[in-house]
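Below: the structure, in structure tokens.
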Amino acid sequence: MKIEFEKYQGAGNDFIIVDNRSACFPISSGLIKRLCDRHFGVGADGLILAEKSCNQDLRMNYYNADGMKATFCGNGGRCLAAWAFDHKIIRNHLRLEADDGIHEAWIEVSDNASFHVILTLNNVVGFTQHNDGYFLNTGTPHFVQPVHELHSLNVYEQGKRLRNDERFLPDGTNVNFLELNQDGLGMRTFEKGVECETLSCGTGAAACAIVAMIIRQESAKWLEINTPGGILTVFAHKLGNSFVNIKLKGLAVKVFTGIIEI
């Protein structure tokens, strides 16, 4: 069997996107893990199945690189919006169904034909402050740890330890390391399901922006997050211990189209 796919990346977070509106993709964790493998497959942080939705423009069925289903992916949602725009499924606005609810996305085309995608995220209702960081859910669970000298941090070693910390059992958590400085915010990520550092993380950027607002006691702001894969921008509005009207913005780029035989 041959599978047609397209590969997209958002701030270095890369995804295999398959048009599964006819529901013919043979879903199995082993196949998805092989497709995402960077040595024996296409290579990606995750796989997105673009599916029909009863009430929205599309449904997003998302799997991590380990082949396991995930609730949502921020950069993946932005890339799926870019895919829908490229395929003329939408003009510049998408209503997207995912396991965590409904999201909206808008396409902003620039003069050089590249474009940014703005994606709404669910409200964050509360957070847990630990002595070494903050735990919150921005569509997927994240533990955000403020650090100094982010560039020299051993993200794999420290991230793996925190990802499997007993506080976050049984499912574990994504881990984001956040550096606050006068020039902006820096972030590096150990991503659950990839089990390694990724170049960026959309829901992680939102989590880092929220933690920065908590630390700085800010109520509503656009914040720029510098990641190894590029810049992501996040808006959030603080209401008590909750955060609403959360938006994630960044580039979404088609990398290539291909066919793989399975």
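If you read the sequence from its start, that first residue is 1, and numbering goes on from there. Quantities reported herein were computed from a predicted structural model and do not represent experimental measurements.
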Practice task
With the side chain counted from C-beta on, respond yes when Val211 and Phe127 share a heavy-atom pair under 4.5 Å apart, and no when they do not.
Solution key: no
Problem - Between His130 and Thr128: side-chain donor-acceptor atoms closer than 3.5 Å - result: no
Practice task
For Ser200 and Asn75, test the side chains for any donor-to-acceptor distance below 3.5 angstrom and give the result as yes or no.
Solution key: yes
Practice task
Report the residue from Leu47, Val18, Ile27, Asn20 that forms a side-chain contact (heavy atoms from CB on, under 4.5 Å) with Asn61.
Solution key: Ile27
Problem - Arg95 side-chain N/O to Ile102 backbone N/O, donor-acceptor pair under 3.5 Å - result: no
Problem - Passing option when Glu195 is tested against Lys33, Lys160, Arg163 for salt bridge (charged side-chain N to carboxylate O under 4.0 Å, His left out) - result: Arg163
Practice task
Answer yes or no: is there a donor N or O on one side and an acceptor on the other, between the side chain of Thr189 and the main chain of Thr198, under 3.5 Å?
Solution key: no
Exercise for the section: Any chance you could lay out the side chain to side chain contact (heavy atoms under 4.5 Å, CB included) test for Tyr63 and Cys36, step after step, and finish with the verdict? Expected result: CA-CA 10 Å; Tyr63 294 84; Cys36 291; over 6 Å; no
Handout entry: Student check: side-chain heavy atoms of Ile246 and Ile210 closer than 4.5 Å
Key = yes
Practice task
Evaluate the side-chain proximity of Glu179 to Leu153: yes if any heavy-atom separation is below 4.5 Å, no if none is.
Solution key: no
Practice task
Could you tell me whether the side chain of Ile3 reaches within less than 4.5 Å of the side chain of Ile259, counting heavy atoms only?
Solution key: no
Problem - Donor-acceptor pair, side chain of Asn174 and main chain of Pro141, under 3.5 angstrom - result: yes
Exercise for the section: Please test Val125 against Ser242 for side chain to side chain contact (heavy atoms under 4.5 Å, CB included), starting from the C-alpha separation and ending with a verdict. Expected result: CA-CA 5 Å; Val125 182; Ser242 297; 3.9 Å; yes
